[in-house]
Novice: 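Pasting in a structure now, in structure tokens, and then I'll have a few things to ask.
The chains referred to below are lettered A, B, ... by the order of the sequence lines, with proteins before strands, and numbering in each begins at 1. Quick caveat, the model's predicted, so the values are computed rather than measured.
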There are 2 protein chains.
Amino acid sequence: MTAPALPVMCAALGDATRWEILTRLGEEPMSASALARVLPVSRQAIGKHLEVLRAVGLVESEQRGREVVHLAVGARLGVLARELDRIGRSWETRLLRIKELAERPDSGAAGEGTGGRSHD
Amino acid sequence: MTAPALPVMCAALGDATRWEILTRLGEEPMSASALARVLPVSRQAIGKHLEVLRAVGLVESEQRGREVVHLAVGARLGVLARELDRIGRSWETRLLRIKELAERPDSGAAGEGTGGRSHD
DNA sequence: AGTCGATGCAACTCAACGGTTGCACACCCG
DNA sequence: CGGGTGTGCAACCGTTGAGTTGCATCGACT
């Protein structure tokens with residue numbers, strides 16, 4: 001699937017080291033070993049992070065000679081951003097509607113038992 | 001602080017249960033106990049998640065009588081979304097520039113020094 | 001008043017995750 | 001050709017985090 005679930009995408013972005021990697025790869029494509037040289041973690045750790053990032057499409061890898069260079073995919077981040085924005089807006093809308101209902105007791109307040117428990 | 005670090009925000013969103021909670025709270029404000037009734041986890045677990053979400057500003061809580069109702073803050077999600085989009089675009093731009101340089105070795109490859117550069 | 005339900009705090013379990021080390025193998029350069 | 005470098009796989013470890021249970025408390029509604 002080209003569109004991983006939101007929690008998975010966010011989880012991939014929920015690690016500082018991964019952001020560090022993404023930042024570097026966003027500036028310039030490079031190999032895992034190269035990343036390990038500039039970051040304070042081992043090459044293997046970098047490798048695991050790259051696998052996670054590649055799994056959600058935030059990183060793409062390309063075999064160049066004997067090396068494998070990785071690069072950050074900004075488009076995927078953009079997709080995530082739009083999704084989050086959409087959801088956020090929907091929340092705002094709902095809350096707005098709720099507040100309006102609360103302030104205008106005449107608009108469809110039927111079926112609301114006074115002093116009784118509606119649910120369970 | 002009103003703007004938690006990106007990794008922290010994403011980490012908060014990197015959990016399926018938390019998304020479940022946010023979804024419900026986005027539809028309708030409710031208490032931890034109420035959430036525990038509709039979700040397959042204990043009230044205490046819900047409480048911990050709410051604390052995490054509140055810590056990054058994705059949830060706000062209001063004491064209503066003896067209950068504490070929580071609600072999802074869409075605006076905060078929007079802020080995150082804009083941030084991610086910005087970063088994603090910057091990645092795309094860099095890559096584009098790199099590709100151009102690779103294909104046009106004559107286009108001002110000498111001195112760089114453009115002012116006002118501020119990467120993360 | 002009495003009870004039921006909501007909350008808060010604390011201790012504990014268990015799995016996932018980040019990170020490391022070690023090793024084997026492939027490839028490029030000198 | 002040989003060493004050095006880049007990579008992949010696997011075992012291992014410490015910590016974090018999600019989730020649970022238990023207990024004590026406080027407030028609301030009957």
Side-chain angles (χ1 to χ4, degrees), chain A residues 4-25 28-56 58-72 112-120, chain B residues 4-25 28-56 58-71:
Chain A
L6 279 177
V8 179
M9 279 285 285
C10 293
L13 292 172
D15 183 276
T17 300
R18 237 133 42 201
W19 269 104
E20 207 68 45
I21 292 175
L22 283 172
T23 300
R24 310 301 175 110
L25 295 185
E28 170 188 28
M30 55 201 300
S31 69
S33 295
L35 282 166
R37 261 182 251 116
V38 294
L39 295 183
V41 289
S42 68
R43 195 203 88 237
Q44 284 77 356
I46 300 277
K48 291 185 185 179
H49 285 304
L50 286 175
E51 189 181 318
V52 172
L53 294 171
R54 193 168 45 234
V56 297
L58 281 168
V59 157
E60 279 180 9
S61 308
E62 178 189 351
Q63 186 101 25
R64 283 193 61 182
R66 75 169 171 178
E67 302 191 346
V68 179
V69 293
H70 311 271
L71 55 95
E112 200 48 52
T114 47
R117 288 236 165 275
S118 317
H119 30 278
D120 202 49
Chain B
L6 278 178
V8 179
M9 278 285 284
C10 292
L13 292 172
D15 182 276
T17 300
R18 234 126 52 195
W19 269 103
E20 205 68 45
I21 292 175
L22 283 172
T23 300
R24 311 300 176 112
L25 295 185
E28 170 189 30
M30 55 201 300
S31 69
S33 297
L35 281 167
R37 262 181 251 117
V38 294
L39 295 183
V41 288
S42 68
R43 194 204 90 236
Q44 282 78 356
I46 300 278
K48 291 185 185 177
H49 285 304
L50 285 174
E51 190 180 319
V52 171
L53 293 171
R54 192 167 47 233
V56 296
L58 282 168
V59 157
E60 280 180 7
S61 307
E62 179 189 351
Q63 185 101 24
R64 282 194 61 184
R66 73 171 171 176
E67 302 190 345
V68 178
V69 293
H70 312 272
L71 56 96

Novice: Choosing from D/dT20, C/dT7, D/dT7, which nucleotide comes nearest the side chain of A/Ser33?
Specialist: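 Taking heavy atoms from C-beta onward, the closest nucleotide is D/dT7.
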Novice: How long is the line joining CZ of B/Arg54 and C1' of C/dG8, in whole Å?
Specialist: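 It is 12 Å, rounded to the nearest whole Å.
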Novice: Taking 4.0 Å as the cut-off, does a side-chain nitrogen or oxygen of B/Thr17 come that near to OP1 or OP2 on D/dA18?
Specialist: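 Checking D/dA18 against B/Thr17, no side-chain N or O comes under 4.0 Å of OP1 or OP2.
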Novice: To the nearest Å, how far apart are A/Lys48 NZ and D/dC9 P?
Specialist: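 Result: 12 Å.
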Novice: Between A/Pro40 and A/Arg43, which residue's closest nucleotide on DNA chain C lies nearer the 5′ terminus?
Specialist: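 Looking at the nearest nucleotide for each, A/Pro40 comes out on the 5' side.
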Novice: Mind checking B/Arg64 for me? I need base, sugar-phosphate or nothing, with any heavy atom below 4.0 Å counting as a touch.
Specialist: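 No contact.
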Novice: Measure the distance from CG on B/Leu50 to P on D/dA18 and round it to the nearest whole Å.
Specialist: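 Those two atoms, CG and P, are 12 Å apart.
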Novice: With no hydrogens and no angle check, is any side-chain donor or acceptor of B/Arg43 less than 3.5 Å from a backbone partner on B/Ala36?
Specialist: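 No, B/Arg43 side chain to B/Ala36 backbone: no donor-acceptor pair under 3.5 Å.
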Novice: Rounding to 10 degrees, work out the angle separating the end axes of the helix from C/dA1-D/dT30 to C/dG30-D/dC1 (five pairs an end).
Specialist: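 Axis angle across the helix from C/dA1-D/dT30 to C/dG30-D/dC1, nearest 10°: 30°.
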Novice: Considering every strand and a 4.0 Å limit on heavy-atom distances, what is the contact class for A/Ser31: base, sugar-phosphate, or nothing?
Specialist: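 The residue A/Ser31 makes sugar-phosphate contact but no base contact.
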Novice: Please determine if a side-chain N or O atom of A/Arg37 lies less than 4.0 Å away from the OP1 or OP2 oxygen of D/dT5.
Specialist: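 So the side chain of A/Arg37 is outside the cut-off, no N or O lying under 4.0 Å from OP1 or OP2 of D/dT5.
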Novice: Please compare B/Gln44 and B/His49 by the position of their nearest nucleotide in DNA chain D and report the one closer to 5'.
Specialist: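 Counting from the 5' end, the first nearest nucleotide belongs to B/His49.
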Novice: So how far is it from B/His49 NE2 to B/Leu22 CG, rounded to the nearest 0.5 Å?
Specialist: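 Output value for this atom pair is 10.5 Å.
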Novice: Below 4.5 Å, heavy atoms only, C-beta onward: do B/Val56 and B/Leu13 meet side chain to side chain?
Specialist: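 The answer is no, as the side chains (C-beta and beyond) never meet within the 4.5 Å cut-off.
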Novice: Return the nearest nucleotide to the side chain of B/Val68; candidates are C/dG19, D/dG19, C/dT7.
Specialist: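 From the listed options, C/dT7 comes nearest.
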Novice: Considering only heavy atoms from C-beta outward, does the side chain of B/Asp15 approach that of B/Val52 to under 4.5 Å?
Specialist: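 With C-beta onward as the side chain, the pair stays apart.
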Novice: I need the CG-P distance between A/Leu35 and C/dG18, as an integer number of Å.
Specialist: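 After rounding, the gap between these two atoms is 16 Å.
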Novice: When the distance from CZ of B/Arg66 to C1' of C/dA6 is rounded to whole Å, what number comes out?
Specialist: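 So the two atoms are 6 Å apart, to the nearest Å.
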Novice: Are the side chains of A/His70 and A/Ile21 in touch, meaning some heavy atoms are under 4.5 Å apart?
Specialist: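 In short, these two side chains do not touch, never coming nearer than 4.5 Å.
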Novice: Can a side chain N or O of B/Ser42 be found less than 4.0 Å away from OP1 or OP2 on D/dG19?
Specialist: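 No, outside the criterion.
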Novice: Could you state the interatomic distance from CG (B/Leu58) to CG (B/Leu71), rounded to the nearest 0.5 Å?
Specialist: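 These two atoms lie 11.5 Å from each other.
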Novice: Write down the distance between CD (B/Glu67) and P (C/dG5), rounded to a whole number of angstrom.
Specialist: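 Whole-Å distance recorded here is 12 Å.
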Novice: Please give, in whole Å, the distance from C/dA6 C1' to B/Ile46 CD1?
Specialist: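 The answer, rounded to whole Å, is 14 Å.
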Novice: Using whole Å, what does the distance between atom C1' of nucleotide D/dG19 and atom CD of B/Glu51 come to?
Specialist: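 It works out to 15 Å between those atoms.
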Novice: May I ask you to test the A/Gln63-A/Val68 pair for a side-chain heavy-atom distance under 4.5 Å?
Specialist: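 When only atoms from C-beta onward are counted, A/Val68 and A/Gln63 do touch, with a gap below 4.5 Å.
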Novice: So how far is it from A/Leu50 CG to A/Leu35 CG, rounded to the nearest 0.5 Å?
Specialist: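 Here the rounded value is 6.0 Å.
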Novice: Contact class for B/Ala32 vs. all strands (heavy atom < 4.0 Å): base, sugar-phosphate, or nothing?
Specialist: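 Touches sugar-phosphate only.
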